[in-house]
Each structure stands twice: as C-alpha cells, then as structure tokens.
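Working notes, beginning with the structure itself.
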Amino acid sequence: MSKPVRDPYTGRMTTGHEWNGIIELNTPVPKLVLLFLALTFLSSVIIWLLAPAWPGLNSYTKGILGIDQRTTLEHSLEKSAIKTAQWRTDIETLSFEDISRNSALLATVRDHGERLFEDNCAMCHGPDGKGGDGYPNLVDDQWLWGGDPETIMETLRVGVNSGHDEARISQMMAYGRDGILTLEQRRAVAAFVISLSSSDHTTPEDAETLSLGAEVFEQQCVSCHGPDGRGMQSVGAPNLTDDFWIYGGDITSIDNTLRDGRQGVMPNWDERLSLADRKVLTLYIDDLAQGASQ
Ligand code: HEC
Ligand code: HEC
C-alpha cells in the first residue's frame, strides 16, 4: 500500500491501493444514494413511533396511532356480529308482511336462506325445492299441511312422523298388506283416483270399475282425502284431484301406495335450526315459489 496521492488525470485522491500498477481512485458514494439511505432510515424511525414495531419480552411497542391489526380485526368481527344480531332480531320479531316489505331484510333472506336450504333441505326437496320421488314439491302451491307462513314454520319445527313430541303424523294405510282391500278393490279405487285428475275413462268396463272404485273411495278414503278427494290439511292427506304426485300418479305407483301405505318422514328442526333460521327458510320457500311460477 502506498500513500494516497492526487491523481493527475481526474484531480481526485487515490485510496493508496495498488494492484500491478493499477491505482484505485477514492470516488465518494453519490449524494443521491446517501440521501435515500438517510430518508429510509428516517421513515423507519417514524413508522416505529407510529405503528406497532419492536418486540419486547412480554409485549411489543404499540405505536402512537394504535393501528394494530389484531384490534382492527376484533373491531370488524364485533361490527359484523352486531349486524348479524340485528337482522336476526328483526327477522324474529317482525311480521312476515313487514319482512317482505323490507328490501334489505329480503336480500338477507335470499342469501342466508339459499345457504340454509342447500345445507339442510336440498338433499330431499331438490336444489330448486321441486321435490322428487317421495319428497313433496315445495314450490307448486299444493300443500299437504298448509302453505301459510305460520303453518310452514310449524311443519319445520315439529317435522312429520319425525319422533318429535308434537310431530305431525302422516298415515296412509297399507290397504293391501293389511288385508283391508282385495286386489280387485285396490285396482278399482286406483282407477277411480286417476279419474279424479284425468277424465280419460270412457269404455263401459271402465265405467263399471270406476263405480266400484267410487264406492270403495266413499267407504275407505273420504275420512282423510275428503268427499271430493281434495285432501285434508289437518291430517296431511294430499289432494288427489290435481296432477301433482309425491309417489307417482300412474296405476302401478298408486297401487304400490295402496298396497304398502306411505309414511313420509320429514325431520324436525326444533333444535337444529333457530327460530330466525326457520323463519328465513319459510320466506325463502315463498321466494322460490314466486320464482318458479314466473
Ligand atoms: C330426509 C328428507 C327431508 C329433509 C332433509 C327435509 N325434508 Fe321437508 N319433507 C320431507 C318429506 C318426506 C315431506 C312430506 C311429509 C309428509 O308426507 O307429510 C316433507 C315435507 C315438508 C314440508 C311440508 C310440505 C307441505 O306440503 O305441507 C315443508 C314445508 C318442508 N318439508 C320443508 C323442508 C325444509 C325447509 C327443509 C330443510 C330445513 C326440509 N324440508 C328438509 C323430507 C325432507
Ligand atoms: C288415515 C288417513 C288416510 C286414509 C283413510 C287414506 N289416506 Fe291416502 N294418504 C294419506 C296421507 C297422510 C297421505 C300422504 C302420505 C305421505 O306423504 O307420506 C296419503 C297419500 C295417498 C296417495 C299418494 C298421493 C301422492 O301424491 O303420491 C294416494 C294415491 C292415496 N293416499 C290414496 C288413498 C286412497 C285411494 C284411500 C282409500 C282407499 C286413502 N288414500 C285413504 C292419508 C289417508
């Protein structure tokens, strides 16, 4: 190492280092870079002061602004809990008409109802509520137990043949298996039931079968399905004169119904869903029905 000297070409001092005759100039770090370094350091000091930064043994420096992500999250959770509690209380306390008139609440019903329906009901009643073999359509305006909101809420609460203390009991007897009707009587009454929703029975043999069927119906069926076959909501007996069928409306399906009986099971939701959830679902079914009828 030699002594630093002034370089005759650039006029700058050398560092005094020399490698095989090459001498290193002592060029200073550009001022701009120094300025940036200083600014960076300064801004980090400012941030340390304002925001949470340095860990200590038990805690950390909180910063003057108090912008702690944990508290921010807690605040937003609290806020959304208050919001949820608010709509739940509104749904629980307001009447069905008032809720239907409140567009914000209706939006919640659609959103929350869709999720509840998918999670709890769609596996039996289908994603669109249209039912399927053995499961009633909820959007066709044909009701076993009644379609006003209070009745639907009650069906949801206690279920049907569900084992709940207050469950609705649905009993379509096994007329064949229990030997109440002969095969001939069963066939005749099945034909009569079909004739209630379609008038396509014209031959004389049909007329004879139908009159036997009508007689059996009069004796065995009117107590639940009513004198005109339009059903009875107090016992959950379906209307047999429309063309909506839970178990099928062809002669074989009806004969199966008559032979072995039907005891549809609808679970009860008394403890599994809150009052607000059951009310949301009731409104949601109504909303689905309006969509289906458009
Ligand atoms: C395990 C299958 C199953 C599930 C799950 C189910 N249901 Fe049902 N539901 C039925 C059956 C079967 C019936 C018909 C009962 C009868 O024969 O009376 C029924 C009947 C109903 C009725 C009465 C219909 C009428 O015409 O009066 C309503 C309303 C209803 N369900 C709504 C719901 C809702 C809402 C859910 C979800 C919370 C749900 N169901 C979940 C099987 C189910
Ligand atoms: C004790 C009351 C009761 C009597 C009596 C009764 N039913 Fe029913 N019936 C019901 C109920 C309740 C259902 C619905 C069962 C279900 O959904 O699980 C039903 C369902 C049916 C169905 C199926 C409808 C569908 O949508 O698939 C047919 C068909 C039927 N009954 C015909 C008859 C005939 C015919 C008689 C007389 C021989 C008769 N019922 C007597 C209560 C009764």
Side-chain angles (χ1 to χ4, degrees), residues 113 115-126 129 131-149 151-162 167-176 178 180-181 185-197 213-226 229 231-270 272-273 277-286 288-289:
R115 244 176 305 145
L116 281 175
F117 196 85
E118 261 172 26
D119 290 350
N120 300 292
C121 325
M123 66 283 243
C124 290
H125 293 286
D133 195 18
Y135 302 106
N137 187 331
L138 301 177
V139 299
D140 60 2
D141 210 27
Q142 302 293 320
W143 297 96
L144 294 164
W145 301 96
D148 62 284
T151 310
I152 295 180
M153 284 260 296
E154 182 64 3
T155 306
L156 291 186
R157 187 177 75 86
V158 299
V160 181
N161 296 336
S162 65
R168 300 192 187 283
I169 303 297
S170 167
Q171 274 296 338
M172 171 65 204
M173 286 169 294
Y175 285 93
D178 293 347
I180 308 170
L181 295 180
Q185 287 173 313
R186 250 167 51 211
R187 292 265 156 88
V189 78
F192 176 73
V193 166
I194 290 180
S195 77
L196 291 174
S197 54
E215 210 176 288
V216 176
F217 195 85
E218 174 76 30
Q219 288 161 6
Q220 300 284 348
C221 321
V222 292
S223 56
C224 292
H225 291 283
M232 221 177 270
Q233 295 185 339
S234 55
V235 292
N239 184 345
L240 302 174
T241 67
D242 57 30
D243 211 14
F244 295 96
W245 300 95
I246 309 172
Y247 302 103
D250 57 290
I251 191 94
T252 319
S253 305
I254 294 184
D255 192 50
N256 287 343
T257 298
L258 290 169
R259 192 186 60 214
D260 297 330
R262 302 282 189 190
Q263 281 81 38
V265 174
M266 156 77 178
N268 74 77
W269 303 91
D270 199 2
R272 275 182 285 174
L273 294 176
D277 284 345
R278 295 198 302 269
K279 213 163 170 182
V280 163
L281 276 167
T282 301
L283 288 152
Y284 180 71
I285 291 174
D286 184 50
L288 273 183

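Source: prediction; values computed, not measured. FYI, the numbering just counts along the sequence from 1. When a ligand or atom number is given, it counts from 1 through the structure's own listing order.
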Self-check item: Gln142 backbone acceptor or donor facing Asp140 side chain under 3.5 Å
Solution: yes

Self-check item: Electrostatic pair Glu154:Arg157 at N-O distance under 4.0 angstrom
Solution: yes

Quiz prompt | Under the salt bridge (Lys or Arg N to Asp or Glu O under 4.0 Å) test, residues paired with Arg186 that sit two or more places apart | solution = Asp255

Exercise. Using 2.8 Å as the cut-off, note every protein N, O or S atom close to atom 8 (Fe) of ligand 1.
Key: His125 NE2, Met266 SD

Quiz item: Is any side-chain heavy atom of Val189 less than 4.5 Å from a side-chain heavy atom of Gln220?
Solution: no

Quiz item: Any idea which atoms of ligand 2 are less than 4.0 Å away from a heavy-atom of Val193?
Solution: 35 (C)

Quiz prompt | Which residue and heavy atom of the protein sit nearest atom 41 (C) of ligand 2, plus the separation | solution = Tyr175 OH, 3.2 Å

Quiz item: Can you list the steps and then say if Ile180 with Gln185 is a side-chain contact (heavy atoms from CB on, under 4.5 Å)?
Solution: CA-CA 10 Å; Ile180 308 170; Gln185 287 173 313; over 6 Å; no

Quiz item: With distance as the sole test, does Gln233 use its side chain to make a donor-acceptor pair with the main-chain N or O of Trp143 at under 3.5 Å?
Solution: yes

Quiz prompt | Atom indices of ligand 2 within 4.0 angstrom of Val235 heavy atoms, with elements | solution = 12 (C)

Self-check item: Closest protein heavy atom to atom 40 (N) of ligand 2, given as residue, atom name and distance to 0.1 Å
Solution: His225 NE2, 2.7 Å

Practice problem: Within a distance under 4.0 Å of any heavy atom of Leu281, pick out the atoms of ligand 1 and give their elements. | Solution: 38 (C)

Quiz item: Hey, which atoms in ligand 2 end up nearer than 4.0 Å to a heavy atom of Ile246?
Solution: 17 (O), 25 (C), 26 (O), 27 (O)

Exercise. Could you tell me whether ligand 1 has any atom less than 4.0 Å away from a heavy atom of Ser170?
Key: yes

Quiz prompt | Non-hydrogen atom of Pro238 closer than 4.0 Å to ligand 1 | solution = no

Quiz item: Quick one: does ligand 1 sit under 4.0 Å from the side chain of Leu144, the backbone, both or neither, non-hydrogen atoms only?
Solution: both

Quiz item: Can you find a heavy atom in the side chain of Pro238 that is under 4.5 Å from one in the side chain of Phe244?
Solution: no

Exercise. Below 4.0 angstrom from a heavy atom of Thr257, which ligand 2 atoms are there? Numbered from 1 as shown, please.
Key: 22 (C), 23 (C), 28 (C)

Quiz item: So do Trp245 and Leu240 actually touch side chain to side chain, heavy atoms under 4.5 Å?
Solution: yes

Exercise. Give a yes or no on this: more than 12 heavy atoms of other residues, nucleotides or ligands lie within 6.0 Å of atom CZ of Arg187.
Key: no

Quiz item: Would you say Tyr247 has any N or O atom under 3.5 Å from an N or O of ligand 1, going by distance alone?
Solution: no

Quiz prompt | Atoms of ligand 1, numbered as shown, that sit under 4.0 Å from any heavy atom of Gly134 | solution = 12 (C)

Quiz prompt | Metal check, atom 8 (Fe) of ligand 2 vs Cys221 N/O/S, cut-off below 2.8 Å | solution = no

Quiz item: So which heavy atom in the protein is nearest atom 42 (C) of ligand 2, and how far is it from that ligand atom?
Solution: Gln171 O, 3.3 Å

Practice problem: For ligand 2, indicate whether the residue Phe192 contacts it via side chain, backbone, both or neither (heavy-atom separation under 4.0 Å). | Solution: neither

Practice problem: Would you check if Tyr284 and Leu116 make a side-chain contact, meaning some heavy-atom pair closer than 4.5 Å? | Solution: no

Practice problem: Tell me which protein heavy atom sits closest to atom 1 (C) of ligand 2, plus the residue, atom name and distance to 0.1 Å. | Solution: Cys224 SG, 2.7 Å

Exercise. Starting from atom 33 (C) of ligand 2, find the nearest protein heavy-atom neighbour and note its residue, name and distance.
Key: Met172 CE, 3.3 Å

Self-check item: Pro136 vs His125 side-chain heavy atoms within contact, under 4.5 Å
Solution: yes

Quiz prompt | Sub-4.0 Å atoms of ligand 2 with respect to non-hydrogen atoms of Gln263 | solution = 18 (O)

Quiz item: Taking the side chain as C-beta and beyond, is there a heavy-atom pair between Asn256 and Arg259 under 4.5 Å?
Solution: yes

Quiz item: Against heavy atoms of Met173, which atoms of ligand 2 measure under 4.0 Å?
Solution: 5 (C)

Quiz prompt | Interfacing atoms of ligand 2 (cut-off 4.0 Å, heavy-atom, Gly264) | solution = 16 (C), 18 (O)

Quiz prompt | Short N or O distance, Trp245 and ligand 2, threshold 3.5 Å exclusive | solution = no

Practice problem: Closest by any non-hydrogen atom to atom 12 (C) of ligand 1: pick that one out of Val265, Asp141, Asn120. | Solution: Val265

